[in-house]
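Below is one structure, written out as structure tokens, with a few remarks after it.
Counting starts at 1 for both ligands and their atoms, following the listed order. Everything numeric here is computed off the predicted structure, so don't read it as measured data.
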Amino acid sequence: MLVDSHAHLLMLDVSPEEAVEEARGAGVGVVVNIGTDAEDSRKGVALAAALPHVCTTVGIHPHNAHAYTASDLETVAELSESPGVVAIGEVGLDYYRGRETGEAQRALFEDEISLANDLRMPLVIHCREAFEDVMSLLSGARVPVVLHCFEGGRREVEEAKERGYYIGLTGNVTYKNSRTAGVLGLIDAERLLLETDSPYLSPRPVRGRRNRPANVVHTARFVAERLGVPEEEIARTTTANARRLFGLPPEVE
Ligand SMILES: [Zn+2]
């Protein structure tokens with residue numbers, strides 16, 4: 001069994017129910033839905049309540065840093081207590097799409113790190129062209145961290161390893177220009193997670209189509225081949241890691 005540790009179930013071209021059913025048919029037992037603002041987080045909580053194989057995160061994405069209010073942060077804090085909520089995210093910094101909102105992003109990110117510390121919940125991190133600032137602000141985090149959609153090379157892998165951070169591998173690791181594909185062997189197996197980031201970043205061989213949670217199987221296969229280990233081993237390890245990080249109940253499979 002695999003876990004898709006990062007998907008936006010409310011943004012797909014099929015219903016969340018269909019996507020989860022398709023994923024389960026492909027051997028994906030659990031899908032972690034990811035919140036991007038207060039309203040999206042609220043819908044995610046409802047989804048996790050309605051669908052047995054779905055859990056969710058709550059948080060405000062850096063793309064929404066220009067628009068959030070203190071009451072949005074309160075909403076996120078309140079929602080975090082709902083059943084099925086497993087982490088704060090996705091939060092972080094994105095200088096690729098939002099360098100001009102850097103200051104607002106950093107303020108929001110700091111608030112969300114404090115929130116995760118207070119709640120003792122893991123953090124799901126979005127980091128794009130902002131590795132140094134993300135790592136510097138994360139030194140204030142006292143909870144487990146996953147660097148989602150990881151695209152770093154040797155230096156970033158080693159820094160993540162030093163801090164014990166989880167690394168979420170997405171479909172883009174299968175692309176020819178991936179820096180991470182060449183350093184997979186350096187990643188601590190106990191910290192490896194697989195994810196789709198659906199509807200984005202479809203892995204080869206389904207690149208170019210809108211992504212769905214079932215496609216995490218392609219990323220699993222790619223990583224297993226690169227590491228020279230059986231697919232079942234990658235599935236077992238990454239699922240155990242997701243269970244530990246998100247505290248998934250043992251009966252979920
Ligand atoms: Zn995402």
Inset, instruction - Just the protein N/O/S atoms under 2.8 Å from the Zn ion (ligand 1), please, no waters. - result: His6 NE2, His8 NE2, Glu90 OE2, Asp197 OD1
Inset, instruction - Establish whether Ile113 and Leu108 are linked, either directly or via other cluster members, by ILVMFWY side-chain heavy-atom contacts under 4.5 Å. - result: yes
Inset, instruction - Check whether NZ of the Lys or CZ of the Arg Arg191 lies under 6.0 Å from the centre of the six-membered ring of Tyr165 and within 45 degrees of that ring's axis. - result: no
Legend entry - Distance-only side-chain donor-acceptor flag, Arg24 / His53, under 3.5 Å: yes
Legend entry - Note: Arg97-Glu129 ion pair, threshold 4.0 Å (strictly below): no
Inset, instruction - Over 60° means perpendicular and under 30° means parallel, so classify the ring planes of Tyr200 and His8, tilted if in between. - result: perpendicular
Legend entry - Donor-acceptor contact present, side-chain Thr180 to main-chain Val173, <3.5 Å: no
